[in-house]
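Heads up: the structure comes next, in structure tokens.
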Amino acid sequence: MDKRTYNTQAAAAVSIGTKKRRPWRLLTLIGFVCVMLVIFQFWIVDEYIAGLHIAPQQVKESCSHLIFHATGDKQIKDAKQMHSPDAAKDTSDDRCKVPRFDPKTKHPPYVSCKRVQPVPGSCDTARKLFLSKPKLLCPDQRELRICQIQNNNTSHGVSCTNNMCASDISLGLINPLDGTLAWSIYPDINDLENAVFDLLNKNASNGNYGFCYLKCKQTKDKKDGSQLLLIPQYFTQNTCDGSTCDDAININVIWLDSTSHSHFFRSLPKSVKTLRNTKEKKLAHVFNYDLMQSMKGATLNNTIMFTLGNLKAKTGIGKIFNLFHNGGYYVTWIDDLCWTSMMKESRRSGLGRFFGINKEEKNTSKAWKNLLEKLKLKGVNQIALSTANCEILKSNGLLTPFQNEVAGKPICYNGKYHADYILSYLESLQKQLTTCKRPFFNYLDFNVGHDFSGLRIQTLDERLAKFINFLNNQSNTFTFMFGDHGLRYGKFLETAEGKVEMGHPVCFIHASKNLEEKLGKDKMESLRLNQDRLIDIVDLRQTLFTFSPDDDNSIFEIDKQYDTHPNGLFHPIDPKRSCSSLGIRLEGSKCICSSEGRTSHIMSNDTRVKVLADFALGEINNILQDQFVSANKESGSGFGSCERLVGKWIDNVMESYNHNIMVIEMNLHLPGKLPTPEKDEIFFVSVQVTSNSQDGPSLVLAHYERTSIPDIYIWCVR
């Protein structure tokens, strides 16, 4: 029995089973209608495929109703008016362009891939959603300062005061046994000062994680106040033999989750201005890759591919950290997530998620020990400030920054944005390691852009601009700054341009001024040339590997069959490169090239579109049922606690062609469920119609993704 249609077939079976009650006329009528529907659906699909100049296909036997039926025409009409390009033309911006880092330049005509042009009016839509609201400010603008670090060229000092406190001061440090904060009370300010000063001669291996917490009841209002104090870490001098470490180039990887090329330019104007100023004044080398293609819509999948090179893996960080660790680098992982959240929510996040910690582990001490073992095994020296995130998120009432209830709100601590602390710490860490002549590899996983409103990333702008200026004054440092995909949720993703932006992440490279001499003119010229060519995260990975003294200059087995060079961006990318040449590593992501991407808009109420929508939703229902049956083999069928998905209406239907494959993409709107029944559930689907096989063409659900916010259902699984 075809799972997609088992409900209607079961209904027919029930009717047959009650024949003794003689409902034969009703049964005859039901049978006749069912047969006619099957014939009608066959005819519609055949006609649709005939319109594509492709031979008819063998479709699944079905007696189901069309899910997206004609009774929803009014909703379809309303949606069409809201989302269609024709409606967009009524806005104030009819000529929308993808931003270029150097506005004076044009895309080279000899490069095959040309970015899909935004639908007219989409820039105006983006401005209304992202730039029409007041700046996100921290609620408490007054900063509590209990202690301060005094810096000079040769040493550090500490000064503390209790003038702003109406109680004894508590000092919070990471407990090395379980990775959580342990608090000690200091009635005497001098004792507190000495305790903080003692941390200056330590690093993460013996108790200094780069910070401490200080809290007391404030004099002004007797409310609890707290300070996150960043503390420089102590490192020994470089002990490398020979010239290996002296010649090593320092590396920063700044991963900007959910940040598209266009969203970076619209949300971070100060950072863009600073990068442009850096390039114009030749303070450093800056490259912007405006044809960066996303591979997957999920950060975990992209991270695994970047570090492990395995598309099939479900979890785990790969060889990237060990390569640099074994080559004499000091390796640091930094993120803005709470590592213990994996034990408190339905899905893993942060360190536990990426390093494969068992989410069923509820003992914090065991989980911490397991995490430290995994970090050591993978070649990570410290996670440092990452352990401060739990307290920051807790003070904002959060387990993770992804929760919908804080969408569009800043995450702050003591009057500062969360991101400010992270970039300040990164600067301090680099200064300390550079002074000690220790080559470093810093991996920063930034989730400030993973916000359902798309607004929170704006809180990064000012501090990121300062960090870029800091990099301008560093030598021997190569920085990757890129996203893995664009916004995955929110109203903008419901638009055609939002879906293209999801597959078009931002990508910058910042290289210290002195690196042209070290890297050579050929490599620098390749970095420049590739700015206008189609690249992806695999090219960045291969570029990164070339810096490791321990690298064998090889590529992963999975990439050998595709257009991948071992030297990544240090080798000219083929100007004729296309999405199809990237192979299976691009499965499930929308191609950003106009020749392979969106070509035309189709009316949402086209009957042929409804047939494909019915097919796509049926396939998703198959997947749901397969998951249930595989876990409950005795049931044989059904959906368990889940519900069979039923369509409501369709919008944003786009048609594209790639050789003999036609792709139809659309939004499927489903009725909302509790606790927000007034809000539609929305799935983005991509259906491929191909004529490769000798048996004729086939319909394939190539990709589906929930674009409505799933976190409202978190209560179901807690």
Side-chain angles (χ1 to χ4, degrees), residues 140 142-220 222-236 330 332 334 338-340 364-365 368-369 372 381-395 413-416 418 420-422 424-429 431-433 435-436:
D140 186 359
R142 186 184 178 189
E143 183 182 354
L144 174 65
R145 292 190 180 184
I146 300 174
C147 294
Q148 297 184 67
I149 303 296
Q150 299 167 329
N151 300 310
N152 58 46
N153 294 331
T154 57
S155 62
H156 300 284
V158 179
S159 64
C160 299
T161 178
N162 56 8
N163 291 342
M164 300 179 72
C165 295
S167 67
D168 293 339
I169 300 170
S170 296
L171 173 67
L173 299 172
I174 291 297
N175 182 347
L177 298 179
D178 65 6
T180 63
L181 276 179
W183 294 92
S184 302
I185 299 175
Y186 286 83
D188 187 280
I189 196 68
N190 292 319
D191 291 342
L192 174 66
E193 203 169 81
N194 291 332
V196 176
F197 182 80
D198 287 345
L199 294 172
L200 293 174
N201 295 317
K202 300 177 181 179
N203 57 33
S205 63
N206 52 18
N208 180 4
Y209 285 81
F211 71 94
C212 70
Y213 278 101
L214 301 156
K215 68 180 181 181
C216 68
K217 289 193 178 296
Q218 299 181 79
T219 305
K220 62 175 183 176
K222 300 300 186 291
K223 292 183 179 180
D224 291 335
S226 55
Q227 175 190 6
L228 172 56
L229 180 67
L230 300 182
I231 302 175
Q233 294 173 293
Y234 174 79
F235 297 97
T236 58
Y330 191 86
T332 301
I334 310 170
C338 174
W339 77 270
T340 62
T364 307
S365 297
W368 175 250
K369 182 180 179 181
L372 294 181
N381 292 88
Q382 68 161 333
I383 55 175
L385 194 67
S386 299
T387 55
N389 296 327
C390 295
E391 182 69 12
I392 293 177
L393 293 172
K394 179 183 175 182
S395 72
Y413 195 86
N414 193 25
K416 290 184 177 181
H418 190 181
D420 288 6
Y421 290 104
I422 293 173
S424 294
Y425 169 78
L426 191 57
E427 286 184 13
S428 174
L429 178 66
K431 288 177 182 176
Q432 293 296 109
L433 291 169
T435 300
C436 297

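Hydrogens, waters and symmetry mates are skipped; everything else that's a heavy atom, side chains included, is used.
Distance alone, capped at 3.5 Å, places no donor-acceptor pair between the D168 side chain and the Y186 backbone. At least one donor-acceptor pair closer than 3.5 Å links the side chain of S167 to the backbone N or O of K217. Remark: the backbone N or O of K416 is not paired with any side-chain donor or acceptor of D420 at under 3.5 angstrom.
Atom CG in N389 sits 5.5 Å away from atom CD1 in I392 (nearest 0.5 Å). A distance of 11.0 Å separates NZ in K431 from CG in L426, rounded to the nearest 0.5 Å. Residue Q148 holds its CD atom at 11.0 Å from CD of E193, rounded to the nearest 0.5 Å. Note that CG of L192 and SG of C160 are 4.5 Å apart. Values are rounded to the nearest 0.5 Å. Here C165 contributes atom SG and K222 contributes atom NZ; the two are 11.0 Å apart, rounded to the nearest 0.5 Å. Interatomic distance, L372 CG to Q382 CD, rounded to the nearest 0.5 Å: 12.0 Å.
Within 6.0 Å of atom NZ in K220, more than 12 heavy atoms from other residues, nucleotides or ligands are found, so the atom counts as buried in its surroundings. More than 12 non-hydrogen atoms from other residues, nucleotides or ligands lie less than 6.0 angstrom from CZ of F235. No more than 12 heavy atoms of other residues, nucleotides or ligands sit less than 6.0 Å from atom CD1 of I185.
Nearest heavy-atom pair, I169 versus T161, reported as atom, atom and distance to 0.1 Å: CD1-O, 4.3 Å. Between C212 and L173, the shortest heavy-atom contact is CB-CD2, 3.5 Å. When all heavy atoms of A166 and T219 are compared, the pair lying nearest together is N-OG1, 3.7 Å. When every heavy atom of T180 is checked against every heavy atom of D178, the shortest pair comes out as OG1-OD1, 2.8 Å. Across Y209 and Q233, no two heavy atoms sit closer than the pair C-NE2, 3.7 Å. Minimum interatomic distance between P232 and S428 (heavy atoms only, all atoms of both residues): CA-OG, 4.1 Å.
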Quick one: do N208 and I231 satisfy side-chain contact (heavy atoms from CB on, under 4.5 Å)? Show the steps, please. CA-CA 8 Å; N208 180 4; I231 302 175; 3.8 Å; yes
How far apart are the C-alpha atoms of I146 and N162, what are their side-chain angles, what is the distance that settles it, and do they pass the side-chain contact (heavy atoms from CB on, under 4.5 Å) test? CA-CA 6 Å; I146 300 174; N162 56 8; over 6 Å; no
Checking L181 against E391 for the side-chain contact (heavy atoms from CB on, under 4.5 Å) test, could you report, in this order, the C-alpha distance in whole Å, the side-chain angles of both residues, the deciding distance, and whether it holds? CA-CA 8 Å; L181 276 179; E391 182 69 12; 3.6 Å; yes
Begin from the C-alpha positions of W339 and C390 and carry the test side-chain contact (heavy atoms from CB on, under 4.5 Å) through to its verdict. CA-CA 7 Å; W339 77 270; C390 295; 4.2 Å; yes
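Side chains of Y213 and L171 form no contact here, defined as non-hydrogen atoms less than 4.5 Å apart. When side chains are defined from C-beta on, L385 counts as touching I422, because their heavy atoms get closer than 4.5 Å. Using a 4.5 Å cut-off on side-chain heavy atoms (C-beta onward), I149 and L229 make contact.
Under the 4.0 Å criterion applied to side-chain N and carboxylate O atoms, D224 and K215 are not assigned as salt-bridge partners.
Ring geometry, Y421 versus Y413: the interplanar angle exceeds 60°, so the pair is classed perpendicular (tilted spans 30 to 60°).
Residues Q227 and E143 have side chains that never bring a donor and an acceptor to within less than 3.5 angstrom of each other.
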